Amino acid sequence: MAEHRYSPQEIEPRWQELWAKERTWEVSNEPVAGARGDGRAGSTGGGAHAGGRASSSYVLEMLPYPGGEPHIGHLKCYSLGDAIAHFRRRLGARVLHPMGYDAFGLPAENHAIRTGVHPRTSTAESIASFRRQFHSWGISIDWSRELATDEPSYYGWTQWIFLQLFRAGLAYRKEAAVKWCPKDQTVLANEQVEPDGTCERCGALVEVKQLEQWFLRITDYAERLLNDLDAIDWPEHVKTMQRNWIGRSEGAEVIFRCEEIGVDYPVFTTRPDTLFGATFFVMAPEHPDVMRLARGTEQEQAVHEYVNHALNETNEQRGNADKPKTGVPLGRTVVNPVNGERIPMYVADYVLMEYGTGAIMAVPAHDERDYAFARAFDLPIRRVIMPPPAEHTVSKPASPPGEDGGAGELPYIGEGTLVNSRPDFDGMPNREALSEIVAWLDREGKGHASVNYRLRDWLVSRQRYWGTPIPIIHCEACGLVPVPDEQLPVELPDVEDYMPKGRSPLAGAEEWVNVSCPQCGGRARRETDTMDTFVDSSWYFMRYCDSSNESAAWDPAALREWMPVDQYIGGVEHAILHLMYARFFTKALADLGHVDFQEPFQALFTQGMVTKDGAKMSKSKGNVVSPAAIVERVGADTARCYILFIGPPDQDADWSDEGVEGVHRFLGKLWRLSAETGERAGAPSAELAGRSDAEGDDLALLRKTHWAIDKVSGDLRRFAFNTAIAAVMELLNDCSRLRESVQLDTLRFALASAASLLFPFAPHVSADVYDRLTGERVWEQPWPQAEEALLERESYELVCQVNGKVRDRVQASADASVQELKELCRAAPNVIAHVDGKEIVKEIVVPGKLVNLVVR
RNA sequence: GCACCAGUACCUUAAUCGGUGAAAGGACCGGUCUUAAACACCGGUGAUCCGGGUUCGAGCCCCGGCUGGUGCACCA
């Protein structure tokens with residue numbers, strides 16, 4: 001008797017080598033005319049493959065940042081994506097499933113500062129490790145399209161795109177108050193600052209600095225980025241996060257004039273209907289005019305102190321809404337354009353420079369923050385909206401307008417009727433008054449309707465070394481001059497000192513920096529800032545479509561074949577930044593005529609985190625599970641299967657070593673039972689179960705098999721991988737239980753089907769099992785189809801209830817009529833005992849399930 | 001504080017339309033095999049957060065509460 005031992009260490013490399021040698025997962029950009037031209041296509045024909053050209057499908061997981069070794073989150077992401085890719089292939093699609101590396105970035109550079117090792121070296125080592133492990137996991141990647149964003153052949157095109165944006169006015173330079181990380185010595189995007197005011201990467205307290213920086217005009221796209229969310233198939237919570245981030249509000253811009261210094265100050269408000277209730281005016285401490293306004297007044301010193309104090313506060317301290325309101329008067333007034341009133345100006349830290357115009361009109365009666373400030377500073381509070389009469393009072397109008405009580409508590413945020421405004425607005429519902437007032441302001445030239453966004457322009461320059469150089473030359477005569485396309489890529493030079501000193505380390509590479517101006521030929525200097533790495537990852541999915549193209553970023557025909565990505569997969573931590581930037585790039589490139597679609601990712605799946613003992617894995621906690629160690633111990637199939645079995649893939653899941661053993665046992669059982677069965681059956685045979693005459697246990701196993709086919713197919717469509725695997729486990733349990741009592745062909749069919757269904761999750765063992773049983777390549781088989789006839793039963797156990805309680809069960813035929821079912825139930829012995837002469841008042845029949853008799 | 005999601009056995013997860021006695025894996029217990037153990041095989045224990053409502057019938061629907069998670073949070 002041959003020993004049957006499941007040995008992934010033997011099985012997995014064997015199949016991996018075959019797939020590598022035959023380049024099984026590579027796809028060309030030229031669709032072959034149907035499956036006919038493809039010699040390797042499924043030998044059994046295959047419904048989905050037959051006739052016409054196969055459909056194209058682009059399945060993409062977010063590209064990894066190659067730092068150190070892959071972690072368990074990578075295993076989950078790529079196991080997930082691979083399952084989807086395999087499933088689509090076997091449904092008949094040509095699937096593009098590429099891989100690359102987001103290779104620029106701070107960690108490699110900081111490592112270089114510590115060790116002196118060039119970032120290129122450490123990154124290359126890490127990439128090699130990622131590549132090796134992806135191979136050992138058996139992920140079905142088209143390696144011919146592999147790319148890394150730090151290769152000149154890639155970033156040359158990143159630079160080309162930057163220049164496209166620059167020429168279109170979408171990339172610009174301006175001095176701005178920027179977030180500066182003193183530890184990393186670089187500027188951060190707003191998005192990279194944590195809510196507590198620390199750097200996302202290193203945790204240092206972020207400072208504010210005035211510097212000239214490069215920005216991309218993403219705000220031009222705010223409206224489209226918002227609206228087009230409706231048309232894509234993304235998780236609702238991700239869309240919500242994007243909508244909140246864009247933060248669209250409708251309202252009006254209204255001009256308040258400071259007559260003392262003769263300057264107009266526009267404010268943005270969403271509530272122009274409350275304009276008549278404005279009793280003071282507040283500016284943000286960062287507002288450039290604050291000191292100018294206070295100069296020469298007796299408030300100058302106090303304002304100076306207050307502003308300094310406010311600027312040194314962290315976002316966390318300042319952002320706390322429960323904090324008592326602080327501020328100081330500016331000693332100036334502005335005129336409310338609707339009624340000519342002079343109202344006092346204040347500076348207070350509850351007003352934010354980043355939002356609106358950095359100045360607000362304060363309406364304490366109808367805004368909580370303004371109310372709190374007014375109470376603290378003893379400022380007038382004027383009600384201009386009356387709530388509608390309370391429901392319980394008789395339909396009598398509310399008490400007459402005025403300062404009196406009876407109108408409810410202030411501040412009042414809700415809807416109502418205007419009072420204390422102008423005679424022609426008083427009495428109007430506030431919604432209506434809002435548009436009337438805006439129209440009136442517009443006519444008077446004192447304001448206009450306006451839409452405001454929370455979204456800021458994207459700050460893309462970094463004073464760091466390890467990034468894509470910005471391809472611009474500074475010429476004293478010509479200004480900002482783009483590097484001519486034929487001189488791209490502007491290669492990143494080697495430097496000796498990576499340490500940032502408030503300017504990019506590139507500034508030290510004199511030979512590289514000093515150039516002649518492409519326009520006038522005069523002396524000029526290269527831009528020394530590099531790009532935020534999010535720029536690199538904002539277009540990589542397009543490069544995959546044509547990654548070896550040396551004369552263009554892509555051939556438009558290649559994009560037409562594959563884009564947009566049909567299924568994108570990645571962590572929810574990228575819900576805002578990466579996904580927003582990639583969408584912006586796509587739209588900008590569409591406007592410039594380079595692509596002909598508006599959204600890069602048609603469908604998005606966000607995977608949950610993998611935790612250990614309920615906590616995020618981290619080196620400091622010592623609870624890191626290494627994929628390499630797991631794969632070495634139990635094999636890639638077990639690791640992949642387990643991580644998908646552990647729970648719904650969009651939820652967080654806790655890793656348990658015992659759970660891994662369970663899945664390992666399951667795969668071992670499948671393999672052993674199949675090896676045994678293959679041996680008993682003699683030569684492998686593609687001739688699978690003849691089912692028409694099956695009965696007894698054979699029929700039961702056949703039914704279970706088709707149930708599993710149906711279940712797994714449905715589960716895969718909705719990404720319920722955990723239940724799909726559980727269904728195969730159930731099928732295998734039945735195979736094992738019935739193995740002695742069914743015909744060999746039935747058992748072989750059931751086991752081969754189990755392997756076929758499991759292939760997207762555990763490709764190696766599934767391929768091996770399928771080969772042993774049938775001599776065929778499972779990945780060349782079309783996805784199995786469940787036989788409708790076998791999903792139905794010709795008879796079933798009818799549940800007989802009396803008053804909702806199960807009292808008996810009897811066999812009923814599947815086509816029994818409602819009347820027959822009632823009779824069957826009434827005749828059941830235990831039902832008779834419980835009815836016992838009582839009156840049957842109601843009979844509920846659920847065909848296929850039960851009959852319930854209600855008795856009294 | 002606001003919004004959304006979730007509470008099922010000791011643990012992690014299932015359960016189309018409201019329809020049987022709530023399923024899978026792990027853990028645990030017993031048996032077979034073994035000198036013994038591990039492996040394997042066979043068998044077993046065990047659950048719908050609390051309170052109300054709708055219904056012939058509720059894990060599933062509605063209301064209230066409790067607990068946990070996520071997102072937003074001075075955005076004018």
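Letters A, B, ... mirror the listed sequences (proteins, then strands); counts begin at 1. These numbers come from a predicted model, not from an experiment.
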Self-check item: Reading 5' to 3' through nucleotides 41-48 of chain B, protein heavy-atom contacts under 4.0 Å coded B for base, S for sugar-phosphate only, - for none
Solution: SS------

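- In textbook terms, a nucleotide whose glycosidic angle is within 90° of 0 is syn, and B:C17 is one such case.
- Pairing partner, B:G68: B:C5, with both Watson-Crick or wobble hydrogen-bond distances short of 3.5 Å.
- Shown here are the side-chain contact (heavy atoms from CB on, under 4.5 Å) partners of A:Pro648, two or more places apart in sequence or in another chain: A:Asp650, A:Gln651, A:Asn722.
- A salt bridge is absent between A:Asp697 and A:Lys704: the closest approach of a Lys/Arg side-chain nitrogen to an acidic carboxylate oxygen does not fall below 4.0 angstrom.
- Between A:Phe377 and A:Phe373, the ring-plane angle classifies as parallel under the 30° and 60° cut-offs.
- Pairing for B:G59 is absent, with no Watson-Crick or G-U wobble pair whose two atom distances lie under 3.5 Å.
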Side-chain donor/acceptor pairs under 3.5 Å, residues 250-258 of chain A, sequence neighbours excluded:
{"from": "A:Glu250", "atom 1": "OE2", "to": "A:Arg248", "atom 2": "NH1", "distance (Å)": "2.8"}
{"from": "A:Arg257", "atom 1": "NH1", "to": "A:Asp264", "atom 2": "OD1", "distance (Å)": "2.8"}

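- When each of A:Asp367 and A:Leu850 is assigned the nucleotide of RNA chain B with its nearest heavy atom, A:Leu850 is the one assigned upstream, toward the 5' end.
- Nucleotide B:G26 holds its P atom 16 Å from the CH2 atom of A:Trp655, rounded to whole Å.
- Side-chain contact of A:Asn452 with A:Ser249: a donor-acceptor pair under 3.5 Å is absent, judged by distance alone.
- Comparing the P positions of B:U20 and B:A3 gives an interatomic distance of 35 Å, to the nearest angstrom.
- For the C1' atoms, the distance linking B:A9 with B:G46 amounts to 5 Å, nearest Å.
- With both pairing distances under 3.5 Å, B:A47 is matched to nothing as a Watson-Crick or G-U wobble pair.
- The aromatic rings of A:Tyr265 and A:Phe281 sit tilted relative to each other, their planes meeting at an angle between 30° and 60°.
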Practice problem: Apply side chain to side chain donor-acceptor pair (under 3.5 Å) to the pair A:Arg680 and A:Thr677, showing each step before the final yes or no. | Solution: CA-CA 5 Å; A:Arg680 271 207 295 155; A:Thr677 304; 4.8 Å; no

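- Rounded to an integer number of Å, the gap from A:Phe256 CZ to B:A76 C1' is 12 Å.
- Note on A:Val841: nothing from the nucleic acid sits closer than 4.0 angstrom, heavy atoms only.
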Exercise. Determine, stepwise, if the pair A:Glu730 / A:Lys711 fulfils salt bridge (Lys or Arg N to Asp or Glu O under 4.0 Å).
Key: CA-CA 11 Å; A:Glu730 279 194 56; A:Lys711 169 89 176 137; over 6 Å; no

Under 3.5 Å, N/O pairs linking protein and nucleotides 56-59 of chain B:
{"from": "B:C56", "atom 1": "OP1", "to": "A:Lys842", "atom 2": "NZ", "distance (Å)": "3.2"}
{"from": "B:C56", "atom 1": "O2", "to": "A:Asn852", "atom 2": "ND2", "distance (Å)": "2.3"}

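- In this structure, A:Thr269 reaches the sugar-phosphate backbone alone: every heavy-atom distance under 4.0 Å involves primed, P, OP1 or OP2 atoms, never a base.
- No donor-acceptor pair closer than 3.5 Å links the side chain of A:Ser736 to the backbone N or O of A:Leu732.
- One atom, NE2 of A:His237, and another, C1' of B:G69, lie 12 Å apart when rounded to the nearest Å.
- For A:Leu758 and B:G25, the CG to C1' distance is 14 Å, given to the nearest whole Å.
- For the C1' atoms, the distance from B:U12 to B:G7 is 14 Å, rounded to whole Å.
- Two residues, A:Glu661 and A:Asp349, neighbour RNA chain B, and the one matched to the more 5' nucleotide by heavy-atom proximity is A:Glu661.
- With both ends at atom C1', the span from B:G18 to B:C61 equals 8 Å, rounded to whole Å.
- The pair A:Arg718-A:Asp715 meets the salt-bridge criterion, with a side-chain N (NZ, NE, NH1 or NH2) lying under 4.0 Å from an Asp/Glu carboxylate O.
- A straight line from CZ of A:Phe373 to C1' of B:A76 spans 14 Å, rounded to a whole angstrom.
- Summarising the base pairing, B:G30 is matched to B:C42 through a Watson-Crick or G-U wobble pair whose two defining distances lie under 3.5 Å.
- Residues passing the salt bridge (charged side-chain N to carboxylate O under 4.0 Å, His left out) test with A:Arg717: none are found, sequence neighbours excluded.
- Nucleotides B:C49 and B:G44 place their P atoms 26 Å apart, quoted to the nearest Å.
- Comparing B:A58 with B:G19, their C1' atoms sit 10 Å apart, to the nearest whole Å.
- Spacing between atom CE of A:Met241 and atom P of B:C5 amounts to 16 Å, rounded to whole angstrom units.
- Classified by interplanar angle (parallel below 30°, tilted 30° to 60°, perpendicular above 60°), the ring pair A:Phe268/A:Tyr355 is perpendicular.
- Base pairing analysis places B:A14 opposite nothing; no Watson-Crick or G-U wobble pair with both distances below 3.5 Å involves it.
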Heteroatom pairs (N/O) under 3.5 angstrom, protein to nucleotides 8-15 of chain B:
{"from": "B:U12", "atom 1": "O2'", "to": "A:Ile646", "atom 2": "O", "distance (Å)": "2.7"}
{"from": "B:U13", "atom 1": "O3'", "to": "A:Asn722", "atom 2": "ND2", "distance (Å)": "3.3"}
{"from": "B:U13", "atom 1": "O2'", "to": "A:Asn722", "atom 2": "ND2", "distance (Å)": "3.2"}

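- Note on A:Gly247: nothing from the nucleic acid sits closer than 4.0 angstrom, heavy atoms only.
- Rounded to an integer number of Å, the gap from CG of A:Asn244 to P of B:A73 is 8 Å.
- Ring geometry, A:Phe761 versus A:Phe721: the interplanar angle exceeds 60°, so the pair is classed perpendicular (tilted spans 30 to 60°).
- Here the separation of B:G51 from B:G43, taken at their P atoms, is 37 Å to the nearest Å.
- A:Tyr350 carries A:Lys325 over the face of its six-membered ring, with the cationic atom under 6.0 Å from the centre and within 45° of the normal.
- Rounded to whole Å, the separation between the P atoms of B:U8 and B:A47 comes to 14 Å.
- If you take CZ of A:Arg454 and C1' of B:G71, they are 12 Å apart, rounded to a whole angstrom.
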